[in-house]
Amino acid sequence: MLESIRETWKNIVEQELKAYAEAQLGGDVQLPEVSAQTPPKPELGDIAFPLFAYAKAFRMAPPKLAAELKDRIEKIESRPAGELLVAGPYLNVRIDMASVATSLSTLIAEQKEAYGANASLSGKRVTIEFSCPNTNKPLHLGHMRNDSLGQSVAAILKANGADVRKVNLINNRGVHICKSMLAYQKFGGGETPESSGIKGDHLVGKYYVKFASWAKEDPTAEEQAQAMLQKWESGDPEVLALWEQLNGWTLDGLSESYKKMGISFDAYYYESETYKYGKDEILKGLEQGVFYREEDGSVWVDLEPIKLDKKVLLRKDGTSLYMTQDVGTAIMRHKDWPFDSLIYVVASEQRYHFQVLFYVLGLLGYQWANDLHHLSYGMVNLPEGKMKSREGTVVDADQLVDTLTGLARNEIIEKEREALVDDVDQTSSSIALGALNYYLLQVTPTKDMIFNPKESISFNGNTGPYLQYMGARISSMLKKYEDQEFSACHSLGFDSSLLTLSDERELIKQLARYPEVVEKAGSSFDPSLLCSFMYDLSKLFSRWYHDNPVLKASSNELIRARIELVNMMLQVLKNAFALIGIPFLASM
RNA sequence: GCGCUCGUAGCUCAGCUGGAUAGAGCGCCGGACUUCGAAUCCGUAGGUCGAAGGUUCGAAUCCUUCCGGGCGCACCA
């Protein structure tokens with residue numbers, strides 16, 4: 001909505017500038033393109049047109065030109081509502097916010113939870129892969145950034161009209177998986193999640209750690225693990241049974257964690273099934289002549305065209321590699337569900353891998369290879385430095401969620417709000433989730449981030465719970481508004497002209513901006529844009545709300561008008577929450 | 001060594017396609033609860049935007065060089 005108003009004004013300025021140039025300078029003068037910007041302060045208006053660039057052509061100081069343009073535009077009778085103001089070298093426009101508010105309230109009332117959604121990716125099928133855990137240990141903080149990002153970006157793309165399929169690839173084979181199996185076989189003593197009371201993924205993780213310490217004492221440990229892998233590959237029934245048992249435990253544990261964290265998938269792939277894929281594809285490529293064979297029989301791709309080296313795609317013994325697998329898996333997925341675009345949410349350390357993968361898929365001639373993305377995210381570090389599993393500084397996901405939940409619960413009890421919230425446990429974990437997702441999504445994905453446990457458990461300031469708190473207060477107010485004492489307001493219409501405060505104008509503007517932010521977050525795969533937007537919006541709202549009475553406003557008409565603003569606020573809050581994994585709470 | 005990436009307030013982060021005195025949060029100091037939920041709000045202090053050049057009317061933003069972090073450069077996944 002704001003977008004189109006901005007465009008309209010921009011066209012007018014452009015047109016008048018051109019007309020003025022013709023009148024003043026004659027002939028066809030080439031003018032730089034008009035740029036429409038946002039003034040730094042609300043008092044300066046809503047749209048700004050800097051005129052520096054035209055000073056030379058007109059041989060006129062920008063402020064004079066601004067005044068001249070203002071006069072000319074004000075003579076246009078069909079110009080849109082709004083006010084022009086000259087601010088030094090800028091020609092600014094103050095939008096008629098009352099009419100924006102009127103159409104916005106109609107729009108939001110109509111669209112409800114769909115407000116903000118747009119059709120920019122309509123008709124597009126997108127597969128997004130994320131999480132991809134190993135089955136030898138529980139999830140840690142690093143996975144959580146991945147999961148939050150994947151879940152959020154998937155939701156954002158849907159809001160942009162895409163048909164999205166979320167897939168998870170379970171890394172359930174390989175020597176690292178055998179290590180936990182081997183340690184369990186040797187030291188497990190038949191322990192099970194039931195007998196030990198330990199969650200399945202943590203139980204298996206315990207033996208993965210156990211392997212490491214055992215391997216320090218017994219130099220044959222690594223060999224034994226390799227031997228077990230061989231047995232697994234040859235289908236040894238005993239090994240397979242053990243493998244299935246432990247994998248089952250881990251997967252049960254992981255799905256419990258996913259559930260707790262609000263993560264879900266449309267399809268699961270298992271490496272045990274996909275690891276042989278890709279070989280045929282590579283051989284096909286060899287026939288097509290896009291790859292070549294070395295003397296020893298191995299197959300390679302030359303990456304010179306993308307300014308990289310060379311890469312092996314098949315070993316000399318004909319077995320496949322990580323790259324081979326990923327080529328095969330991508331093609332397989334496209335057969336399963338033909339997509340236009342495929343997104344991999346994977347840490348930035350694998351940039352090179354994906355550069356090669358995408359290039360190889362392109363060489364194989366697949367149309368969809370043009371729309372592959374590596375949503376590369378930075379590492380999650382601790383204030384002390386990197387997380388190191390060997391030093392035990394890895395932050396466990398389940399534990400973190402539990403800690404946060406406990407803190408939220410304490411907070412509810414301390415503030416004596418148990419009666420306010422209907423389910424203390426449910427509310428606590430929702431707050432924990434909101435805190436975590438917001439903390440993890442707040443930072444631009446590509447950047448490394450520091451996870452400060454102390455800060456992450458804070459519920460004040462720029463945090464998820466701060467946003468949730470706004471939602472709760474608004475809900476509480478709207479509930480009061482339903483009371484009999486406001487019945488006189490209920491029958492009134494919304495008079496947007498009563499919302500004249502500067503904060504009200506800013507709020508309306510921000511609410512109207514929401515769809516643009518959703519679109520931008522989608523095109524750049526960046527939930528952090530929504531986080532900033534939400535924080536700005538909430539901050540604006542709390543100040544307004546703190547300073548100005550709503551239910552106790554001076555007239556019924558004003559109450560009604562402000563309630564409309566509050567209603568819009570609540571809807572946008574809810575809609576955005578859904579995109580960044582913050583549970584909405586009517587009370588907390 | 002080569003490639004990618006980042007370097008903004010004490011700390012964690014914003015800063016849109018270059019534009020009007022560089023913004024938040026936390027922390028520090030100081031204010032505001034007979035008033036719609038104080039998990040809130042307001043104010044003070046705090047920055048030569050890693051450094052130096054360059055392009056431009058105008059640079060945190062674009063280009064070059066340098067310095068300093070991180071990551072990658074396996075017939076591992």
Side-chain angles (χ1 to χ4, degrees), chain A residues 33 35-41 44 48 50 52-56 62 87-90 92 132 134 171 173-176 271 275 294 296-300 307-309 311-317 319-326 347-353 355 376 378-379 381 383 386 408 411-412 414-415 417 420 431 439 442-444 446-452 454-456 458-463 465-466 468-470 472-481 516-517 520 524 528-529 531-532 535-536 539 542-553 559 562 566 587-588:
Chain A
E33 212 202 323
S35 121
Q37 302 177 351
T38 308
K41 282 183 168 182
L44 295 169
F52 304 96
Y54 309 96
K56 202 178 269 176
Y90 293 84
N92 292 358
C132 307
N134 291 329
N171 298 117
R173 52 142 255 127
V175 70
H176 54 298
E271 201 201 345
Y275 83 110
E294 273 291 345
D296 66 0
S298 53
V299 179
W300 295 69
K307 300 214 164 77
L308 293 172
D309 206 6
K311 186 80 187 172
V312 197
L313 298 175
L314 276 181
R315 290 196 183 90
K316 62 187 167 202
D317 63 6
T319 55
S320 56
L321 292 112
Y322 178 38
M323 187 64 70
T324 326
Q325 265 182 61
D326 261 4
S348 58
E349 29 188 37
Q350 296 202 35
R351 246 189 92 95
Y352 171 80
H353 174 76
Q355 261 183 293
S376 150
M379 310 193 57
N381 297 315
K386 291 190 65 166
E411 196 81 1
I412 292 172
E414 244 175 60
K415 294 193 187 320
R417 292 208 176 129
L420 251 175
I431 293 171
Y439 195 90
Q442 195 185 14
V443 180
T444 308
T446 51
K447 285 194 176 182
D448 286 353
M449 68 177 285
I450 292 184
F451 183 89
N452 187 331
K454 271 189 202 150
E455 207 177 284
S456 76
S458 161
F459 299 145
N460 308 324
N462 189 358
T463 64
Y466 169 84
Q468 287 173 313
Y469 181 63
M470 281 309 118
R473 286 184 69 180
I474 292 170
S475 304
S476 150
M477 175 180 16
L478 289 175
K479 204 172 153 197
K480 275 207 176 91
Y481 179 70
E516 292 168 34
V517 179
K520 183 107 196 265
S524 55
S528 78
L529 299 176
C531 293
S532 313
Y535 182 70
D536 290 344
K539 181 102 182 110
S542 6
R543 188 177 60 203
W544 169 73
Y545 174 59
H546 181 270
D547 295 344
N548 304 287
V550 174
L551 297 180
K552 293 177 182 170
I559 292 175
R562 287 186 172 165
V566 173
S587 65
M588 64 187 275

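Within every chain, numbering begins at 1; the chains are lettered A, B, ... in the order of the sequence lines, protein sequences first and strands thereafter.
The nearest heavy atom of RNA chain B to A36(A) and to P39(A) marks one nucleotide each, and the one closer to the 5' end goes with A36(A). When the nearest nucleotides of RNA chain B are assigned to K311(A) and K520(A) by heavy-atom distance, the more 5′-ward of the two goes with K520(A).
Across rC36(B), rG15(B), rG25(B), the shortest atom-to-atom separation from the side chain of Y535(A) is found for rG25(B). The listed nucleotides are rA77(B), rC13(B), rC36(B); the one nearest the side chain of V443(A) is rC13(B).
With C1' as the reference atom, rC62(B) and rG25(B) are 30 Å apart, rounded to whole Å. Rounded to the nearest Å, the gap between the P atom of rG7(B) and that of rC63(B) is 14 Å. Here the separation of rA14(B) from rA77(B), taken at their C1' atoms, is 36 Å to the nearest Å. Atom P of rG10(B) sits at a distance of 31 Å from the matching atom of rG72(B), rounded to the whole Å. A distance of about 25 Å separates the P atoms of rC16(B) and rG54(B), rounded to the whole Å. Distance check on atom P: rG50(B) versus rU8(B) gives 6 Å, rounded to whole Å. Distance check on atom C1': rA9(B) versus rA60(B) gives 14 Å, rounded to whole Å.
Across all strands, M449(A) comes closer than 4.0 Å only to sugar-phosphate atoms, never to a base (heavy-atom distances). K41(A) comes within 4.0 angstrom of a base, heavy atoms only. S542(A) comes within contact range of the sugar-phosphate backbone alone, with a heavy-atom separation under 4.0 Å but no base atom that close. Nucleic acid contact for K480(A): sugar-phosphate only, since backbone atoms but no base atoms lie under 4.0 Å from a heavy atom of the residue. Within 4.0 Å of D309(A), counting heavy atoms only, lies no atom of the nucleic acid at all. Residue V550(A) is classed as a base contact, given a heavy-atom separation below 4.0 Å to a base. Using a 4.0 Å heavy-atom cutoff across all strands shown, I412(A) reaches at least one base atom of the nucleic acid. As judged by a 4.0 angstrom heavy-atom cut-off over every strand, Q37(A) is placed among the base-contacting residues. As judged by a 4.0 angstrom heavy-atom cut-off over every strand, A408(A) is placed among residues making no nucleic acid contact.
A close approach under 4.0 Å does occur between a side-chain nitrogen or oxygen of N460(A) and OP1 or OP2 of rU40(B). The phosphate of rC42(B) (OP1 or OP2) has a side-chain N or O of K539(A) nearer than 4.0 angstrom. Close to rU12(B), at under 4.0 Å from its OP1 or OP2, lies no side-chain N or O of K447(A). Phosphate proximity of rC57(B) to K56(A): present, with a side-chain N or O under 4.0 Å from OP1 or OP2. Contact check, R473(A) against rA38(B): a side-chain N or O comes under 4.0 Å of OP1 or OP2. At the phosphate of rC13(B), neither OP1 nor OP2 sits under 4.0 Å from any side-chain N or O atom of T444(A). For the OP1/OP2 pair of rU5(B) and a distance below 4.0 Å, the side-chain nitrogens and oxygens of S348(A) include no atom meeting the criterion. Contact annotation: Y466(A) does not reach the phosphate of rA24(B) (side-chain N/O to OP1 or OP2, under 4.0 Å).
Pairing of rC28(B), defined by two Watson-Crick or G-U wobble distances under 3.5 Å, is not identified with any nucleotide. Across all strands shown, rC71(B) is found opposite rG3(B) as a Watson-Crick or G-U wobble partner, with both distances under 3.5 Å. Across every strand in view, rC62(B) sits in a pair with rG54(B) that passes the Watson-Crick or G-U test at under 3.5 angstrom. If you check rU48(B) for Watson-Crick or wobble pairing at under 3.5 angstrom, you find it has no partner at all.
Residues Y469(A) and S542(A) have side chains that never bring a donor and an acceptor to within less than 3.5 angstrom of each other. No hydrogens or angles considered: nothing links the side chains of N171(A) and H176(A) as a donor-acceptor pair under 3.5 Å. There is no side-chain donor-acceptor pair under 3.5 Å between S458(A) and N460(A). In the model, S348(A) has no side-chain atom that pairs as donor or acceptor with a side-chain atom of Q350(A) under 3.5 Å.
Taking 90° from 0 as the syn/anti boundary, the base of rC71(B) is oriented anti.
The backbone N or O of A347(A) lies less than 3.5 Å from no partner atom in the side chain of S376(A), so there is not a single donor-acceptor pair. A distance-only check finds a donor-acceptor pair linking the side chain of N92(A) to the backbone of L44(A) [under 3.5 Å].
Taking 4.0 Å as the cut-off between side-chain N and carboxylate O, E411(A) and K415(A) count as a salt-bridged pair.
Residue side chain N462(A) does not reach the base of rC26(B) through any donor-acceptor N/O pair under 3.5 Å, judged by distance alone.
A distance below 6.0 Å separates the ring centres of Y439(A) and F451(A).
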